[in-house]
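Remarks on the structure that follows.
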Amino acid sequence: MKILSTYYSDIGISKKVNQDSLLIKEADTPLGKVLFAVLCDGMGGLKKGEVASASAIEGCSEWFSETFPHLLNHFSVQSTVESMKELFEVINVRIYSYGSRNEIELGTTLTAFLMVGTEVFIIGHIGDSRVYRIKHRVSQLTEDHTFVEREVKNGRLTRQEAENDHRRNILLQCLGAGGKINPQFLSGKPERNCTYMLCSDGFRHEISENEIHGALYPGKLKDEETIRKKAVELVELNKQRMEKDNISTIIICIK
C-alpha cells in the first residue's frame, strides 16, 4: 500500500488572517506506516480564531509524539479513541482557559484522521470541517455539528435548504467555547485506490461534489505533485466563485 499526501491552505479573498491550521505527521512503526492528519478552523466570528486553531494543532502534535507511541505497544481502536477523547477535552479546556484569562472568546473545529498500517483508520471530529471518502463517488464521513444539520435531522429543513440557509455557519459544538463537548469518533479499514480528504467549510461551499470527484478521483492522482496541483485548482475555483472564508484541505490518496 502506497500513501500519497499533501495539504494546501489559502487565506481567501477577504479575510485579513488565515484562521485555519493544519498538521500532517508520518512515522514508521512495528504496525506499519502511521499517518496523522489534522485540520482546524478557528472561529471566524470570534476573536483570535487563529490562536485557537494553532493551539489545537500544537496539542495534537504533542499527543502524536508523546502519547500515541505508548498506545502502539498494545494497540486497539478502543484505547486509541479513549485517548483521543481525552486529547479533545484537554484542548477544549486549554483554549477556554486562555480565553477566560484574556477576556476573549475563541474556538476552533478539529477534524483528525489517523491511519495505522493497512488495517484501520480512526477519525475524531468536532465542528463543521469534514472528512470525505472519494472513490466511485464522494461520501461525507463526518457529521456537521451545526444548527442547520440538526434542523435537517429533525425534518425542519431539507438538505438543499440547509446548504443555502444563512444560519449554515452556526456551530453547536467547537473546542474552546466552554461547556461539555461530544466529539464524533468513527473507524474503518483504509481502502486501496481511494482518496480521503479533510477540508474546512470554506473549501466546500462554492464547489460541487462532482467537481471534487473529477479532480480527486484516485485513478487520476499519480503522485503528490499532481495531488497538490489539484488541491490548488479547487481552492482557486472557490476563490473565483467569491468564497470569502479561508480555504484549506488535506488530501490523502491510498494506492
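What you are looking at is a predicted structure, and each value in this text was computed from that prediction instead of being measured.
- Scored by the ring-ring contact (aromatic ring centres under 6.0 Å, His included) test, F64 finds F36, F68 as partners (sequence neighbours excluded).
- Checking S76 against S79 by side-chain atom types alone, a donor-acceptor pair falls below 3.5 Å.
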**Request:** Quick one: do T226 and K220 satisfy side chain to side chain donor-acceptor pair (under 3.5 Å)? Show the steps, please.
**Result:** CA-CA 8 Å; T226 302; K220 296 181 178 180; over 6 Å; no

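- In this model, a donor atom of one side chain and an acceptor atom of the other lie less than 3.5 Å apart for D20 and S200.
- Dense packing is recorded around CD of E224, with more than 12 heavy atoms of other residues, nucleotides or ligands lying under 6.0 Å away.
- Atom NZ of K239 has more than 12 heavy atoms from other residues, nucleotides or ligands within 6.0 Å.
- There is no side-chain donor-acceptor pair under 3.5 Å between T195 and K135.
- Hydrophobic cluster membership is shared by Y98 and I57, with clusters built from Ile, Leu, Val, Met, Phe, Trp and Tyr side chains linked at under 4.5 angstrom.
- Every residue two or more places apart in sequence or in another chain that forms a salt bridge (Lys or Arg N to Asp or Glu O under 4.0 Å) with R156 is listed here: E151.
- With sequence neighbours left out, the salt bridge (Lys or Arg N to Asp or Glu O under 4.0 Å) criterion links E82 to K85.
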**Request:** Give the intermediate values and the outcome of side-chain contact (heavy atoms from CB on, under 4.5 Å) for residues Q173 and T109.
**Result:** CA-CA 8 Å; Q173 286 200 82; T109 71; over 6 Å; no

**Message:** Set out, in order, the CA-CA distance, both residues' side-chain angles and the distance that settles salt bridge (charged side-chain N to carboxylate O under 4.0 Å, His left out) for K16 and E50, then state yes or no.
**Reply:** CA-CA 11 Å; K16 294 182 179 180; E50 70 278 11; over 6 Å; no

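- H145 pairs by the ring-ring contact (aromatic ring centres under 6.0 Å, His included) definition with H125, not counting sequence neighbours.
- Not one N or O on the side chain of D144 forms a donor-acceptor pair closer than 3.5 Å with the backbone of T146.
- Grouping Ile, Leu, Val, Met, Phe, Trp and Tyr by side-chain contacts under 4.5 Å, direct or through others, puts I254 with M1, I3, Y7, L22, I24, L35, L39, F113, M115, F121, I123, V131, L141, L186, Y196, L198, I250, I252.
- I212 is connected to V232 through a chain of hydrophobic side-chain contacts under 4.5 Å among Ile, Leu, Val, Met, Phe, Trp and Tyr, so both are in one cluster.
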**ring pair (Phe, Tyr, Trp, His ring centres under 6.0 Å) between F185 and F88, worked out** = CA-CA 11 Å; F185 291 92; F88 275 62; 5.5 Å; yes

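- Partners of E243 by salt bridge (Lys or Arg N to Asp or Glu O under 4.0 Å), not counting sequence neighbours: none found.
- Counted by atom type alone, Y132 and R130 present one or more donor-acceptor pairs between their side chains at under 3.5 Å.
- Dense packing is recorded around NZ of K189, with more than 12 heavy atoms of other residues, nucleotides or ligands lying under 6.0 Å away.
- Side chains of S53 and T108: no donor on one and acceptor on the other come within 3.5 Å.
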